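Just so you know, ligand 1 is whichever comes first in the structure, and atom 1 is the first atom listed for that ligand. The model shown is predicted, which means the values in this text are computed figures rather than measured ones.
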Amino acid sequence: MRSKDFLSISDVTIEELEALLERAVHVKQHPEQYRQALAGQTLAMIFQKPSTRTRVSFEVGTWQLGGYALYLSGTDLQIGRGETIADTARVLSRYCNGIMARVFGHADIEELGKWATVPVINGLSDLTHPCQAAADFLTLKERRGTLAGLRLAYVGDGNNVAHSLMLAGAKLGVSVSVATPPGYGPKAEVVERAASDAKRTGARIAVEERPEDAVRGADAIYTDVWTSMGQEQEQQERRKAFAGYQVSAAMMRLANPECVFMHCLPAHRGEEVAAEVADSPQSVIFDEAENRLHAQKAIMVELMGKR
Ligand code: CP
Ligand code: NVA
């Protein structure tokens, strides 16, 4: 990869993203070939928000590559007492070979990338979740062989996960239709960026209001929580706004018969997805969770591994 960091899908070219997924397939199939890939290297993992998958998959993944990962909570670091991100980035760069961070504002991850002399990986910001999108398209690629020409429908909040799916889908030739209630759509600049990349791959990027319009004929229906981390005070209002946006069995029937159900997890059964859908044979939610490990190992090998 040309970029030092992996902060957004926008940081990688179409060719780099395709190569990353190929690498992830190889890492998954031949883990033994990567046991020394990060030998003697350390990854600092900064978490300003909770996590199950990101923390465990990065920690286990680093260990499987022969390296060592340190968990650093935002409240324990001096950042919590006002030390700047710029200083933290420069200090951690003197001890560690890479930094993975989960932050609130996307500007914080960009600031880390700007000042760190080692690679910085975005483990989720309010704007994007690129590691999740990499794992999700790896999951679809395993199921369907080829990604180009597939159609993914995203129903729910136009949030960080939706943004990364649009950006990655556009680059991989997967059409992405997002259905959100008014006022909860994806950011215009992300839609424009995805639409511009999509011109090169033939994908179609669409934002609609009616879930039925987005899901008809889809190869994957994806949803995420209605209330993301940091939005807890809006929970009641969001529950009202998103009524009618639950992925139900009836909605799944409007899609292609081979359609899979996708969710980045954690899921709230009975809110954004019906339990019978999340736990149906069409659901690939635990494959997505597993593929976080393989996709992120590939990202670390590309950014931190010896070339
Ligand atoms: N999907 C995801 O990032 O999960 P965690 O919040 O558990 O890391
Ligand atoms: N949109 C969710 C994703 C969690 C993995 C959030 O930001 O909380």
Side-chain angles (χ1 to χ4, degrees), residues 6-9 24 43 45-62 69 71-74 99-109 121-140 152 154-168 176 178-181 184-187 190 220-235 237-239 241-242 245-247 261-269 271-273 278 283-297 299-300:
F6 187 70
L7 307 184
S8 169
I9 296 291
L43 178 75
M45 307 192 299
I46 302 175
F47 282 92
Q48 294 185 344
K49 296 171 177 173
S51 167
T52 297
R53 280 142 289 269
T54 305
R55 177 184 176 175
V56 178
S57 57
F58 266 106
E59 192 160 334
V60 169
T62 307
Y71 173 81
L72 306 165
S73 94
I99 300 171
M100 190 281 298
R102 165 165 287 194
V103 299
F104 285 95
H106 191 74
D108 285 0
I109 195 94
I121 300 170
N122 180 356
L124 180 146
S125 72
D126 286 355
L127 186 67
T128 61
H129 197 0
C131 295
Q132 184 66 51
D136 294 335
F137 285 103
L138 172 61
T139 307
L140 263 184
L152 182 145
Y154 178 98
V155 178
D157 189 21
N159 61 16
N160 43 11
V161 170
H163 288 155
S164 289
L165 290 171
M166 294 172 93
L167 292 168
V176 180
V178 177
T180 67
Y184 293 95
K187 283 198 183 305
V190 175
I221 299 183
Y222 200 118
T223 191
D224 182 17
V225 290
W226 292 337
T227 302
S228 283
M229 291 180 277
Q231 298 172 334
E232 289 75 10
Q233 72 291 351
E234 298 172 24
Q235 193 166 28
E237 165 195 337
R238 283 175 167 270
R239 275 198 186 126
F242 286 97
Y245 284 79
Q246 182 186 89
V247 177
F261 170 71
M262 304 183 80
H263 193 309
C264 58
L265 302 181
H268 294 104
R269 289 169 176 78
E271 286 196 25
E272 74 273 6
V273 60
S283 173
V284 296
I285 56 180
F286 299 112
D287 294 333
E288 295 171 78
E290 177 186 338
N291 281 337
R292 291 291 302 277
L293 172 71
H294 308 297
Q296 291 160 190
K297 283 170 76 177
I299 292 165
M300 288 191 281

Check your understanding: N/O to N/O below 3.5 Å, does that happen between N159 and ligand 2?
Key -> yes
Practice item. For side-chain hydrogen bond (donor to acceptor under 3.5 Å, both in side chains), just list the numbers for N291 and T139, CA-CA rounded to whole Å, side-chain angles, deciding distance to a tenth of an Å, and then say yes or no. Key: CA-CA 7 Å; N291 281 337; T139 307; 2.9 Å; yes
Practice item. Assess R55 against Y71: is NZ or CZ under 6.0 Å from the centre of the six-membered ring, and within 45 degrees of the ring's axis? Key: yes
**Study point:** Aromatic ring pairing F242/W226, orientation class (parallel under 30°, perpendicular over 60°, tilted between)
**Key:** parallel
Review point. Does P266 reach ligand 2 with a nitrogen or oxygen that is under 3.5 Å from one of the ligand's nitrogen or oxygen atoms?
Key: no
Exercise for review: Pick whichever of H129, H263, E288 has a heavy atom sitting closest to atom 3 (O) of ligand 1.
Suggested key: H129
Practice item. Quick one: look up the protein heavy atom nearest atom 8 (O) of ligand 2 and list residue, atom name and how far away it is. Key: M229 N, 2.8 Å
Check your understanding: Are any of the side-chain heavy atoms of L127 and H163 separated by less than 4.5 Å?
Key -> yes
**Study point:** S228, G123, G156: member with heavy atom nearest to atom 2 (C) of ligand 2
**Key:** S228
Check your understanding: Does K187 pair with D126 as a salt bridge, N-O distance under 4.0 Å?
Key -> no
Exercise for review: Just let me know how R55 lines up against ligand 1, side chain, backbone, both or neither, with a heavy-atom cut-off below 4.0 Å.
Suggested key: neither
Exercise for review: Looking only at distances, please establish whether an N/O atom of ligand 2 is found under 3.5 Å from an N/O atom of D224.
Suggested key: yes
Practice item. Taking the side chain as every heavy atom from C-beta outward, state whether L124 and N160 have any atom pair closer than 4.5 Å. Key: yes
**Study point:** L152 and D136, any side-chain heavy atoms less than 4.5 Å apart
**Key:** no
Point to revise | Sub-3.5 Å N/O-N/O distance, H129 and ligand 2 | key: no
**Study point:** R102 (side chain) donor-acceptor with G123 (main chain) under 3.5 angstrom
**Key:** yes
**Study point:** Pick from M229, K49, R102: the one approaching atom 6 (O) of ligand 1 most closely through a non-hydrogen atom
**Key:** R102
Check your understanding: If you measure every N/O of L124 against every N/O of ligand 1, is any gap under 3.5 Å?
Key -> no
Check your understanding: What atoms of ligand 2 come closer than 4.0 angstrom to any heavy atom of L265?
Key -> 5 (C)
Study note, to complete from the structure: of all protein heavy atoms, closest to atom 4 (O) of ligand 1 is R53 NE, 2.8 Å
Study note, to complete from the structure: Among non-hydrogen protein atoms, atom 7 (O) of ligand 1 lies closest to T52 N, 2.7 Å
Revision key, fill the gap. Going by the 4.0 angstrom heavy-atom rule, the piece of L124 near ligand 2 is side chain
Revision key, fill the gap. For atom 2 (C) of ligand 1, the closest protein heavy atom turns out to be R292 NH1, 3.3 Å
**Study point:** N/O separation below 3.5 Å, C264 to ligand 1
**Key:** yes
Review point. Is the side chain of E288 donor-acceptor paired with the backbone N or O of H263 at a distance under 3.5 Å, no angle test?
Key: yes
Review point. When only distance counts, is N160 in polar contact with ligand 2, meaning an N/O pair under 3.5 Å?
Key: yes
Point to revise | Close side-chain approach of T54 and C131, heavy atoms under 4.5 Å | key: no
**Study point:** Short side-chain to backbone donor-acceptor contact, E272 and Q246, under 3.5 Å
**Key:** no
